[in-house]
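Working notes for the structure below.
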Amino acid sequence: MENGELGQVYFGSKIHRKSAYDNLVIREEHTATPAWKMDQPDFQPELIKQEYASFGKGDFRYPAFQITADNGSRISEFTFEKYTLTAGKKRLAALPSSFDDTNDDAETLTILLKDKVTKIELDLSYTVFPNQDVIIRSSQFTNRGTQTAVLNRALSSQIDLPDANYDFIQFSGSWARERQMVRTQLRSGIQNISSLRTASSHQQNPFFMLARPQTTDDHGEVFGFNLIYSGNFLDQVEVDQYDVSRILVGINPAEFAWNLAPNESFQTPEAVISYTDQGMNQLSQQMGAFYMQHLVNPHFAKQERPILINNWEATYFDFNEDKLMKIVNAAKTLGIEMFVLDDGWFGHRNDDKTSLGDWFVDPQKFPNGLAHLADRIHAQKMQFGLWFEPEMISIDSELYQNHPDWMIGAPNRQLSPGRNQFVLDMSRTEVVDYLFEAMSKIITSTKLDYIKWDMNRNITEMFGASLAANEQLEMPHRYILGVYQLYNRLITAFPSVLFESCASGGGRFDLGMMYYAPQAWTSDDTDAVERMHVQFGTSYGYPQSMMGAHVSAVPNDQTGRITPLKTRGDVAYFGDLGYELDITKLSSTEKEAVKQQITFYKKYRRLFQFGNFYRLDNPFENDGNVISWAVVNKDKSCAIGARYQLLNHPNPAYIRLRFKGLDPAKKYVINHGTEKFYGDELMHAGIFVTRSLGKTMDVTDSSDFNSRLFILTQKDD
Ligand code: DGJ
């Protein structure tokens with residue numbers, strides 16, 4: 001712009017390139033609005049779309065960043081110095097990030113700006129991934145001056161859209177009912193979602209969309225935003241007086257400040273931005289494809305995930321080797337591939353009041369050691385997984401006896417327990433070192449295949465004992481950096497261990513975690529009906545392979561509801577399938593049904609975990625009684641649709657399920673029947689769901705009206 005700072009011209013669907021777009025940067029003088037200069041009265045920052053706005057020079061909207069110089073001034077003027085263009089996308093050093101390791105799927109633009117007074121440099125980084133329609137943005141501040149400055153605010157991305165005719169679509173909830181879709185119209189002023197829990201949170205997920213009011217899953221313009229970060233975040237839209245919508249995404253400026261000493265840099269996390277004019281199904285698919293290629297650990301990204309059995313809801317803390325082996329042996333006969341030993345195997349942990357931090361095996365439960373159990377499981381040709389909650393400490397633990405100072409707590413203040421436990425100061429290297437050593441020992445001795453990394457409380461009395469008074473606001477970010485460091489060390493040392501992240505279910509279901517842990521425990525609510533909603537909401541921002549989905553016992557432990565085993569399977573198939581119940585207690589009929597479910601899932605596992613996901617009936621937009629979705633494989637030769645109906649009505653209307661994403665010209669049979677249906681017929685005319693489709697041939701064969709699967713297989717003449 002005229003003042004040397006960066007303005008924003010346009011953001012949206014691809015348009016032709018020109019050397020200038022005068023009609024997009026119109027300047028109109030408004031009296032009484034501060035101008036940049038006497039002789040340039042029509043250059044008024046408040047009226048201009050900015051690229052990365054500062055505060056205090058006439059733009060009164062919330063800024064993307066703010067710096068306090070050593071003299072207390074909070075004014076910055078970052079003017080253009082130069083730009084560089086490079087092929088590919090490098091990983092960030094200390095943060096999870098997108099990548100293009102082969103340098104052939106992305107191009108990175110870095111714009112260097114400089115504030116001449118403080119001598120701070122700002123690198124704005126943009127990586128364009130044209131094949132997935134994703135742009136990654138972040139900023140880096142480097143102090144080239146001689147005085148320490150304080151970064152009070154450093155968001156990752158700003159976009160000033162020229163109008164406010166959008167709906168803000170967020171995914172909100174609570175423990176055990178995460179990511180419920182909420183759609184509201186933008187209005188004048190601020191609307192935001194955020195977290196101050198030092199976790200991305202159950203309450204608000206960092207993923208959100210801005211969609212035109214008429215946009216649906218199938219049509220219309222929509223922007224998707226996310227942040228590759230697991231700590232406090234802010235997603236904010238400010239609609240200003242002229243209906244310009246300023247979108248800010250990044251670390252929550254509340255509870256944040258960073259001392260930027262001479263020659264030091266601060267790198268923000270990366271924001272993910274995507275756009276399509278073809279509806280929200282398309283947006284979810286392109287963002288999902290992007291994560292699988294450029295975010296998730298390539299070792300696992302495309303690898304089919306094992307079917308596991310987890311003992312948590314089966315035994316809680318009450319188990320020993322014999323009891324577990326009975327579950328393992330039964331699981332083996334049903335075709336389950338991995339046994340995951342959940343909470344309670346260490347210290348003397350018979351309830352949740354004790355032993356966190358003591359990552360050595362409980363001799364009462366395992367007199368022969370954990371390696372003994374692991375060996376027996378491996379001898380069954382099954383994989384072995386283990387639960388850890390690395391970031392936590394119990395007062396009743398050897399770790400606390402030895403290192404009470406490793407626990408986070410503010411001096412002279414009572415500490416607030418959460419689930420009877422407290423949090424370790426992950427900003428301290430010695431804490432990360434201790435955890436790395438302790439976990440490594442167990443991983444090595446048990447030849448571990450999988451880790452469920454849990455985190456069951458949010459942080460209170462945030463204070464870093466090793467930080468100075470003026471560094472305390474660095475603590476929330478330093479904490480998360482410590483978590484990332486531990487993850488990084490573990491996945492580097494043990495590249496074949498699959499991680500699943502968890503935070504009382506889906507309390508840290510975010511892209512920061514997904515970089516290290518390719519899948520996450522979606523919710524502590526394993527009730528099939530609740531799960532339909534949770535998985536439906538989650539599907540907007542995250543692909544199925546990221547969602548751990550288990551079949552559990554009935555009545556369900558969270559809701560008390562009784563759902564048929566078939567329904568429980570039909571819902572859990574659309575993620576990384578697992579079982580979380582005492583299968584030794586199942587009747588032989590139920591065991592047989594589980595066996596069939598597993599055989600069925602194995603046959604279609606790639607489709608379930610990696611197929612393109614289409615939402616068909618949205619329970620958040622209809623009366624909530626019907627939910628349906630489908631997965632379609634890459635060449636559209638196979639698809640599976642699911643339709644769940646919660647309440648039945650007598651004498652119902654002729655209900656049809658209409659597929660999406662099929663090849664209109666291909667012919668398909670349904671549930672291995674003989675009648676052939678064209679793809680266009682299935683997508684536009686649909687199929688009856690209130691009538692029997694004739695004889696079906698596998699586990700999906702059921703007269704259970706509440707949950708029906710439709711397997712489409714291409715059948716040429
Ligand atoms: C919360 C998790 O979400 C559960 O699956 C289980 O691992 C418990 N913690 C164990 O304490």
Task: Stacked cation flag Arg183 on Phe168, 6.0 angstrom / 45 deg - done: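 No, Arg183 does not lie over the aromatic ring of Phe168.
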Quick one: are [X] and [Y] in side-chain contact, heavy atoms under 4.5 Å?
{"X": "Gln293", "Y": "Phe129", "value": "no"}
{"X": "Tyr126", "Y": "Ile273", "value": "no"}
{"X": "Arg305", "Y": "Pro518", "value": "yes"}
{"X": "Ile408", "Y": "Leu424", "value": "no"}
{"X": "Tyr614", "Y": "Gln285", "value": "yes"}
{"X": "Asp115", "Y": "Leu122", "value": "no"}
{"X": "Glu77", "Y": "Asn3", "value": "no"}
{"X": "Thr276", "Y": "Val222", "value": "yes"}

Open item on the list: Under the criterion side chain to side chain contact (heavy atoms under 4.5 Å, CB included), I'd like the reasoning laid out for Ser545 against Phe300: C-alpha separation, chi angles, the key distance, then a yes or no.
Closed with: CA-CA 10 Å; Ser545 66; Phe300 293 104; over 6 Å; no
[X] versus [Y], closest heavy-atom pair with distance:
{"X": "Gly512", "Y": "Asp510", "result": "N-OD1, 2.9 Å"}
{"X": "Ile480", "Y": "Tyr229", "result": "CG2-CE1, 3.8 Å"}
{"X": "Asn232", "Y": "Thr198", "result": "OD1-N, 2.6 Å"}
{"X": "Ile169", "Y": "Met181", "result": "CG2-CE, 3.7 Å"}
{"X": "Ala94", "Y": "Leu481", "result": "O-CD2, 3.7 Å"}
{"X": "Met280", "Y": "Arg615", "result": "O-NH2, 3.0 Å"}

Open item on the list: If the test is side chain to side chain contact (heavy atoms under 4.5 Å, CB included), which one of Leu486, Leu490, Val483 qualifies with Leu435?
Closed with: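 So the option named by the test is Leu486.
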Task: Option among Leu151, Thr118, Asn152 that satisfies the side chain to side chain contact (heavy atoms under 4.5 Å, CB included) test with Thr68 - done: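 Testing each of Leu151, Thr118, Asn152 against Thr68, the sole residue satisfying side chain to side chain contact (heavy atoms under 4.5 Å, CB included) is Asn152.
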Open item on the list: Between Arg212 and Glu221, is the salt bridge (charged side-chain N to carboxylate O under 4.0 Å, His left out) condition met? List the steps.
Closed with: CA-CA 6 Å; Arg212 293 295 185 190; Glu221 277 194 287; 3.1 Å; yes
Would you please say whether a donor-acceptor pair under 3.5 Å links the side chains of [X] and [Y]?
{"X": "Arg197", "Y": "Gln203", "answer": "yes"}
{"X": "Gln132", "Y": "Gln286", "answer": "no"}
{"X": "Ser138", "Y": "Gln267", "answer": "yes"}

Keeping the roles fixed (side chain from [X], backbone from [Y]), state whether a donor-acceptor pair exists under 3.5 Å.
{"X": "Gln236", "Y": "Ser194", "value": "no"}
{"X": "Gln50", "Y": "Pro45", "value": "yes"}
{"X": "Gln609", "Y": "Asp576", "value": "no"}
{"X": "Thr79", "Y": "Gly4", "value": "no"}
{"X": "Gln158", "Y": "Ala53", "value": "yes"}

TODO: Please lay out, stage by stage, how Ser274 and Asp133 fare under the test side chain to side chain donor-acceptor pair (under 3.5 Å).
DONE: CA-CA 6 Å; Ser274 191; Asp133 277 322; over 6 Å; no
- [ ] Decide salt bridge (charged side-chain N to carboxylate O under 4.0 Å, His left out) for Arg489 and Asp433; before the verdict, give the C-alpha distance in whole Å, the side-chain angles of both, and the deciding distance to 0.1 Å.
- [x] CA-CA 10 Å; Arg489 286 176 66 179; Asp433 286 346; 2.7 Å; yes
Would the [X] and [Y] ring centres measure less than 6.0 Å apart?
{"X": "Phe171", "Y": "Tyr540", "answer": "yes"}
{"X": "Phe499", "Y": "Tyr487", "answer": "yes"}
{"X": "Phe208", "Y": "Phe225", "answer": "yes"}
{"X": "Tyr291", "Y": "Phe207", "answer": "no"}

Open item on the list: Checking Arg187 against Val239 for the side chain to side chain contact (heavy atoms under 4.5 Å, CB included) test, could you report, in this order, the C-alpha distance in whole Å, the side-chain angles of both residues, the deciding distance, and whether it holds?
Closed with: CA-CA 6 Å; Arg187 57 188 157 70; Val239 177; over 6 Å; no
- [ ] Classify the angle between the aromatic ring planes of Trp258 and Phe256 as parallel (below 30°), tilted (30 to 60°) or perpendicular (above 60°).
- [x]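 Plane angle under 30°, so parallel.
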Open item on the list: Over 60° means perpendicular and under 30° means parallel, so tell me whether Phe494 and Phe436 are parallel, tilted or perpendicular.
Closed with: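 Answer is tilted, since the angle falls between 30° and 60°.
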For atom [atom1] of [X], is the number of surrounding heavy atoms from other residues, nucleotides or ligands below 6.0 Å larger than 12?
{"X": "Arg74", "atom1": "CZ", "answer": "no"}
{"X": "Tyr21", "atom1": "OH", "answer": "yes"}
{"X": "Glu28", "atom1": "CD", "answer": "no"}
{"X": "Tyr62", "atom1": "OH", "answer": "no"}

- [ ] Could you check Lys57 against Glu5 for salt bridge (charged side-chain N to carboxylate O under 4.0 Å, His left out), going step by step and ending with a plain yes or no?
- [x] CA-CA 12 Å; Lys57 296 271 306 164; Glu5 297 183 16; over 6 Å; no
- [ ] Begin from the C-alpha positions of Phe78 and Phe65 and carry the test side chain to side chain contact (heavy atoms under 4.5 Å, CB included) through to its verdict.
- [x] CA-CA 11 Å; Phe78 280 97; Phe65 71 97; 3.5 Å; yes
- [ ] Could you please spell out the steps behind the side chain to side chain donor-acceptor pair (under 3.5 Å) verdict for Ser245 and Tyr166?
- [x] CA-CA 9 Å; Ser245 303; Tyr166 291 98; over 6 Å; no
Open item on the list: Can you list everything that forms a side chain to side chain donor-acceptor pair (under 3.5 Å) with Ser54? Sequence neighbours excluded, please.
Closed with: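 Testing Ser54 for side chain to side chain donor-acceptor pair (under 3.5 Å), a comparison that skips the adjacent residues, returns none.
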- [ ] Enumerate the residue pairs fulfilling side-chain hydrogen bond (donor to acceptor under 3.5 Å, both in side chains) with a member in residues 294-303, sequence neighbours excluded, ordered by first and then second residue.
- [x]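 Residue pairs with at least one partner in residues 294-303: Asp105-His294.
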Open item on the list: Apply side chain to side chain donor-acceptor pair (under 3.5 Å) to residues Glu46 and Gln241 and explain how you reach the verdict.
Closed with: CA-CA 10 Å; Glu46 185 170 21; Gln241 58 193 322; 3.0 Å; yes
TODO: Using the side chain to side chain contact (heavy atoms under 4.5 Å, CB included) rule, take Phe233 and Asn252 through it: C-alpha gap first, then chi angles, then the decisive distance, then the call.
DONE: CA-CA 4 Å; Phe233 75 90; Asn252 197 330; 5.6 Å; no
Task: salt bridge (Lys or Arg N to Asp or Glu O under 4.0 Å) partners for Arg428, two or more places apart - done: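 By the salt bridge (Lys or Arg N to Asp or Glu O under 4.0 Å) rule, Arg428 matches Asp405, Glu430.
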Task: Audit row: Gln140, Ser125, side chain to side chain donor-acceptor pair (under 3.5 Å) steps and yes/no - done: CA-CA 8 Å; Gln140 189 181 47; Ser125 163; over 6 Å; no
Open item on the list: Let's go through Asp59 and Arg61 carefully: what are the C-alpha distance in whole Å and the side-chain angles of both, what is the deciding distance for salt bridge (charged side-chain N to carboxylate O under 4.0 Å, His left out) to 0.1 Å, and is it a yes or a no?
Closed with: CA-CA 6 Å; Asp59 183 345; Arg61 294 166 291 187; 2.9 Å; yes
